[in-house]
Protein chains: 2
Amino acid sequence: MAETADRILQAADELFSLRGYAAVSARDIAERAGVNKALIFYYFESKEALFRRVLDQYYEGHVKALELPTEGSYRERLHTLIDHYLDFIEDNYRYLQLVQREIIEGSSRLPYIQQNVMTLYSRVRDLLGDLVPASGALDARQFFVSFSGLINTFYVNAPVLGELWAGQQMDAAQRLARREHLHWIVNTLLDRLESGK
Amino acid sequence: MAETADRILQAADELFSLRGYAAVSARDIAERAGVNKALIFYYFESKEALFRRVLDQYYEGHVKALELPTEGSYRERLHTLIDHYLDFIEDNYRYLQLVQREIIEGSSRLPYIQQNVMTLYSRVRDLLGDLVPASGALDARQFFVSFSGLINTFYVNAPVLGELWAGQQMDAAQRLARREHLHWIVNTLLDRLESGK
DNA sequence: GTCTATATCTCGATAGAC
DNA sequence: GTCTATCGAGATATAGAC
């Protein structure tokens, strides 16, 4: 039944995101999914294949989120790109943790991640255009790293940041405040870059 | 001999940082350290205890790096704090990966990490003082998260960012450029906050 | 302190009854 | 499709000779 495969996939998604690939056993996944352990290897050929399926599900959505908006000024388009990326992250909050873990562990799928990073970077670089120098401390690469860090850090580190908001859950209001903060920073940086031209 | 324990500790540090706790076996550590596997359990009571020792090695330096500078204006002190933190990260590159991994994995040592985070936050909050509102999208918490993300992202994601710099090693010149970029951003944000007062 | 050898466990994966 | 039973490999940890 397709339902069984789905339950395995979802349980695997949750556990891999929580504890990583190596720390999760087939038995763990079977127990959480409420199915027999052997069924994991019946529906998916191996634990490795199951993990790749979990990742593939996210990458599809990720690629869509990276589509470049065509309307408006470069500044409006940059804000739209950031909003689309934030939408995706908030709908798939486990994805960021999975990717972050793969990066730290030096996973074999790192080239795939790099490809996504380069795609996103080229869009930010095109948007910034000749507003920034071609190299040095204010080049497009630096700003791309900065934007990524500004956005991702909030979600990746949510488990420890909870204390900052005094035990409050990371609710919709907080995500909205973060979004507003990010747009304020981007505008402030763009203003300065434009005035410096 | 103390030398043997040190070699085990260093090998464990390197491997845990690279691949994570679960993906590293006692045999891996013994091979890298060039010692007999049984000696790991002679010098450290368990693999878990060895991991804790690795983390504790960094604790002292981390706390020192968080010491608040006393000289200069609030702006100078903020820049100094950032530089001290960057110095620590560059000297203990693996520590950030270990901590980031602990956060993502929801480790049992999370409260210890939160304590360090809160210490650093309270210093940033004191430095920003009444330059920022007490709550909302521009409060001290948001800026603390932003500063952390801006700094950490470069080092945590170094494995995939290499491609951005066209395969160049992350050398001293790149770290310096990043540092300059960070100070530029901080100054730009502070200028805007001051003009808005 | 350092070694070999091994006990005991859990892992991913498979065989085969139903 | 789902189950039980089990394989071989590799894990942590220990025993005991030297």
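So that the names make sense, note that chain A is the first sequence line, chain B the second, and so on, each numbered from 1.
- Without hydrogens or angle criteria, A:Arg77 side chain to A:Thr70 main chain gives no donor-acceptor distance under 3.5 Å.
- The backbone N or O of B:Leu131 lies less than 3.5 Å from no partner atom in the side chain of B:Tyr74, so there is not a single donor-acceptor pair.
- B:Asp139 places a side-chain N or O within 3.5 Å of a backbone atom of B:Gln142 that can act as its donor or acceptor partner.
- For B:Tyr43, the listed nucleotide lying nearest its side chain is C:dG1; candidates were C:dG12, C:dG1, D:dA13.
- OP1 or OP2 of C:dT2 has at least one side-chain nitrogen or oxygen of B:Thr4 nearer than 4.0 Å.
- Here D:dT12 presents its P atom at 8 Å from CG of B:Asp28, a figure rounded to the nearest Å.
- A donor-acceptor contact shorter than 3.5 Å is absent between the side chain of B:Asp28 and the backbone of B:Val24.
- For the pair A:Phe41 CZ and D:dT2 P, the interatomic distance rounds to 16 Å; values are reported in whole Å.
- Side-chain N/O atoms of B:Ser25 include one lying less than 4.0 angstrom from OP1 or OP2 on D:dA11.
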query: So B:Tyr155 and B:Tyr93, ring pair (Phe, Tyr, Trp, His ring centres under 6.0 Å) or not? Walk me through it.
result: CA-CA 7 Å; B:Tyr155 298 94; B:Tyr93 168 71; 7.1 Å; no

Between N or O atoms, less than 3.5 Å apart, protein on one side and nucleotides 3-6 of chain D on the other: list the pairs.
residue, atom, partner, partner atom, Å
D:dC3, OP2, A:Asn36, N, 3.3
D:dT4, OP2, A:Asn36, ND2, 3.3

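- Rounded to an integer number of Å, the gap from CD of B:Glu31 to P of D:dG10 is 12 Å.
- Atom pair B:Ile8:CD1 and C:dT2:C1' shows a separation of 11 Å (rounding to whole Å applied).
- When the side-chain nitrogen and oxygen atoms of B:Arg27 are compared with OP1 and OP2 of D:dG10, none of them lie within a distance under 4.0 Å.
- Between B:Val99 and the choices B:Ile104, B:Val117, B:Ile113, B:Asn152, the side-chain contact (heavy atoms from CB on, under 4.5 Å) rule is met once, by B:Ile113.
- Under a 3.5 Å cut-off, the side chain of B:Arg94 and the backbone N or O of B:Asp13 do not form any donor-acceptor pair.
- Remark: P of C:dT10 and CD1 of A:Ile29 are 18 Å apart, rounded to the nearest angstrom.
- Rounded to whole angstrom, the span from the CD1 atom of A:Ile40 across to the P atom of C:dA13 amounts to 10 Å.
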Between the protein and nucleotides 16-18 of chain D, which nitrogen or oxygen pairs come in under 3.5 angstrom?
none

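- Between B:Ile82 and B:Arg179, every side-chain heavy-atom pair lies at or beyond the 4.5 Å cut-off.
- Counting only heavy atoms from C-beta on, A:Lys47 has its side chain closest to C:dA13 among D:dA13, D:dG1, C:dA13.
- The shortest side-chain heavy-atom distance between B:Glu102 and B:Leu110 does not fall under the 4.5 Å cut-off.
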